[in-house]
Amino acid sequence: MDLLQLRYFRVVARYEHVSRAAEELRVAQPSLSRAIARLEAELGTPLFDRRGRRIRLNRYGETFLRHVERALGELDDGRRALRDARDQVLGRVSVAAETLLTISELLGGFRTAHPRAEVRLRQSTAAEMERQLRAREVDFCIASQPLSGPDLHVVELAREEVLLAVPYGHRLADRESVTIAEIADEPFVTTRTGGWPRALLERLFAAEGRTPVLSCEGDEPGAIGDLIGDGLGIGLVPAMSRRQGPRVPVAAVRLDAPGCERVLTLVWNRDAHVSQAALKFREFVTGWSFPPHHLPEPRERQQP
């Protein structure tokens with residue numbers, strides 16, 4: 001087997017779809033299928049279960065994938081270490097985050113403090129982050145949901161209350177707090193499955209034996225406030241986001257439900273190579289002064 005076969009296998013295993021993998025790899029689908037078939041022949045066991053045109057990673061493939069990701073990760077670390085030594089610069093740091101807007105100030109501060117560091121940024125769900133850390137595609141994740149893995153190290157950066165945002169003029173706009181029962185039939189603006197606002201919303205409703213009504217599902221948590229302000233529904237927003245404020249003002253109401261908070265964490269793989277840029281980034285982020293946990297501010301009356 002060769003490295004190209006292993007890289008091909010990793011992408012096919014990620015998609016469980018040969019055509020999509022071929023498109024990402026920019027190779028012909030028949031060539032990719034032959035490469036996977038040769039790999040399976042060399043290993044002496046099938047790595048995928050095939051039903052017609054559909055493929056699924058089987059238990060042998062899952063076992064092999066863990067080793068492939070570790071091996072390719074080590075090689076990528078080696079390349080980065082050589083590049084850092086050759087270029088005599090801080091090197092590159094790769095960061096994944098669930099939302100980009102709430103960390104833009106932090107990233108800007110890091111670039112100002114360390115202009116010789118190259119920063120690569122990705123927007124990812126929690127599930128994608130776990131895979132990216134395991135495959136060593138990123139150095140750090142700034143997560144709003146717990147990430148699991150035997151080799152992951154987690155540092156809490158901030159803990160803040162999550163508020164219910166409603167448009168001005170809404171029946172709840174003047175309330176200090178509301179319960180889940182009072183908003184059970186309201187349409188919610190939130191993220192797709194996998195985003196932290198969606199996960200928190202579903203958890204809060206499930207605790208009351210209910211399911212939220214969804215009016216809008218998106219990919220950027222930072223856009224929720226603007227969509228609420230435009231009247232598309234109500235939704236959950238972190239207290240931190242009120243510093244920037246949405247494009248259209250919204251009213252913030254405390255939600256009377258246990259665990260209505262967001263915990264922001266910095267997560268990395270203990271066993272991965274750490275460039276000088278990554279070391280500086282970790283030092284900078286863990287020393288960053290995040291806005292403190294706070295309650296809704298007194299609201300001025302505004303017209304919708």
> Looking at residues at least two apart in the chain, or sitting in another chain, which of them share a salt bridge (Lys or Arg N to Asp or Glu O under 4.0 Å) with R282?
none
> Hey, are the side chains of I55 and V12 touching, using non-hydrogen atoms and a 4.5 Å cut-off?
yes
> Could you go through E24 and R20, starting from their C-alpha distance and side-chain angles, then the distance that decides it, and tell me whether this counts as salt bridge (Lys or Arg N to Asp or Glu O under 4.0 Å)?
CA-CA 6 Å; E24 177 175 318; R20 292 177 188 168; over 6 Å; no
> Among residues at least two apart in sequence or on other chains, which ones pass side chain to side chain contact (heavy atoms under 4.5 Å, CB included) with T63?
R66, H67
> Restricting to salt bridge (Lys or Arg N to Asp or Glu O under 4.0 Å), what partner residues turn up for E62, sequence neighbours left out?
none
> Do you know the tightest heavy-atom contact between V285 and L157?
CG1-CD1, 3.7 Å
> My understanding is that only residues two or more places apart in sequence, or in another chain, count here; which of them pass side chain to side chain contact (heavy atoms under 4.5 Å, CB included) with R134?
E69, R131
> Return the set of residues passing side chain to side chain contact (heavy atoms under 4.5 Å, CB included) with Q123 (not counting sequence neighbours), or none when no residue passes.
L100, E220, P221
> Hey, does I142 have a side-chain heavy atom less than 4.5 Å from the side chain of L264?
yes
> Between atom CD1 of I234 and atom CG of L201, what is the distance when rounded to the nearest 0.5 Å?
8.5 Å
> Hey, are the side chains of W288 and L266 touching, using non-hydrogen atoms and a 4.5 Å cut-off?
no
> Does CZ belonging to R59 count more than 12 external heavy atoms closer than 6.0 Å?
no
> Rounded to the nearest 0.5 Å, what's the gap from CG on L204 to CZ on R210? Could you check?
13.5 Å
> Could you tell me whether E182 and R171 have a side-chain N and a carboxylate O separated by less than 4.0 Å?
no
> What ring pair (Phe, Tyr, Trp, His ring centres under 6.0 Å) pairs are there with at least one residue in residues 25-57, not counting sequence neighbours?
F9-F48
> Take atom CZ of R54 as the centre, draw a 6.0 Å sphere, and report whether it contains more than 12 heavy atoms from other residues, nucleotides or ligands.
no
> Got a sec: does the OH of Y60 have more than 12 other heavy atoms crowding it under 6.0 Å?
no
> With side chains defined as the heavy atoms from C-beta onward, is the minimum distance between V138 and R122 less than 4.5 Å?
yes
> Kindly say whether T191 contributes a backbone atom to a donor-acceptor pair with the side chain of R198 at under 3.5 angstrom?
yes
> Distance from L57 atom CG to F64 atom CZ, nearest 0.5 Å?
11.0 Å
> According to the salt bridge (charged side-chain N to carboxylate O under 4.0 Å, His left out) rule, which pairs have a member within residues 31-43, sequence neighbours left out?
E40-R50
> Give, for atom CG of L164 and atom CZ of R254, the distance between the pair rounded to the nearest 0.5 Å.
12.5 Å
> Looking at residues at least two apart in the chain, or sitting in another chain, which of them share a salt bridge (Lys or Arg N to Asp or Glu O under 4.0 Å) with R192?
D219
> Got a sec, which pairs hit ring pair (Phe, Tyr, Trp, His ring centres under 6.0 Å) with one end in residues 118-167, sequence neighbours left out?
F140-W268, F140-F281, H153-W268
> Rounded to the nearest 0.5 Å, what separates atom SG in C216 from atom CG in L232?
5.5 Å
> Can you name the residues that form a salt bridge (Lys or Arg N to Asp or Glu O under 4.0 Å) with E128, not counting sequence neighbours?
none
> Considering only residues two or more places apart or on different chains, which pairs with a residue in residues 203-226 satisfy ring pair (Phe, Tyr, Trp, His ring centres under 6.0 Å)?
F188-F205
> Indicate yes or no: at least one non-hydrogen side-chain atom of V166 is less than 4.5 angstrom from one of V250.
no
> Is any side-chain heavy atom of E202 less than 4.5 Å from a side-chain heavy atom of T190?
no
> Under the criterion salt bridge (Lys or Arg N to Asp or Glu O under 4.0 Å), I'd like the reasoning laid out for R120 against E137: C-alpha separation, chi angles, the key distance, then a yes or no.
CA-CA 11 Å; R120 295 288 180 87; E137 294 177 5; over 6 Å; no
> So how far is it from E261 CD to L200 CG, rounded to the nearest 0.5 Å?
9.0 Å
> Counting only heavy atoms not in E23, do more than 12 sit closer than 6.0 Å to its CD atom?
no
> Using every non-hydrogen atom in the two residues, find where P258 and R203 come nearest and quote the distance to one decimal.
O-NH1, 4.3 Å
> Heavy atoms only: give me the nearest S19-Q29 pair and the separation to one decimal.
OG-OE1, 2.8 Å
> Any heavy-atom pair between the side chains of V154 and L147 that's under 4.5 Å?
no
> Can you see which heavy atom on G194 is nearest to which on Q145, and at what distance?
O-NE2, 2.8 Å
> Could you check if a side-chain atom of Y8 sits within less than 4.5 angstrom of a side-chain atom of V27, using non-hydrogen atoms only?
yes
> Search all heavy atoms of I228 against all heavy atoms of G235 and return the closest pair with its distance.
CD1-N, 3.3 Å
> Mark yes when over 12 heavy atoms from residues, nucleotides or ligands other than R51 sit less than 6.0 Å from its CZ; otherwise mark no.
no
> So which atom in L236 and which in P197 form the shortest heavy-atom distance, rounded to 0.1 Å?
CD1-O, 4.1 Å
> Who are the side chain to side chain donor-acceptor pair (under 3.5 Å) partners of E283, not counting sequence neighbours?
none
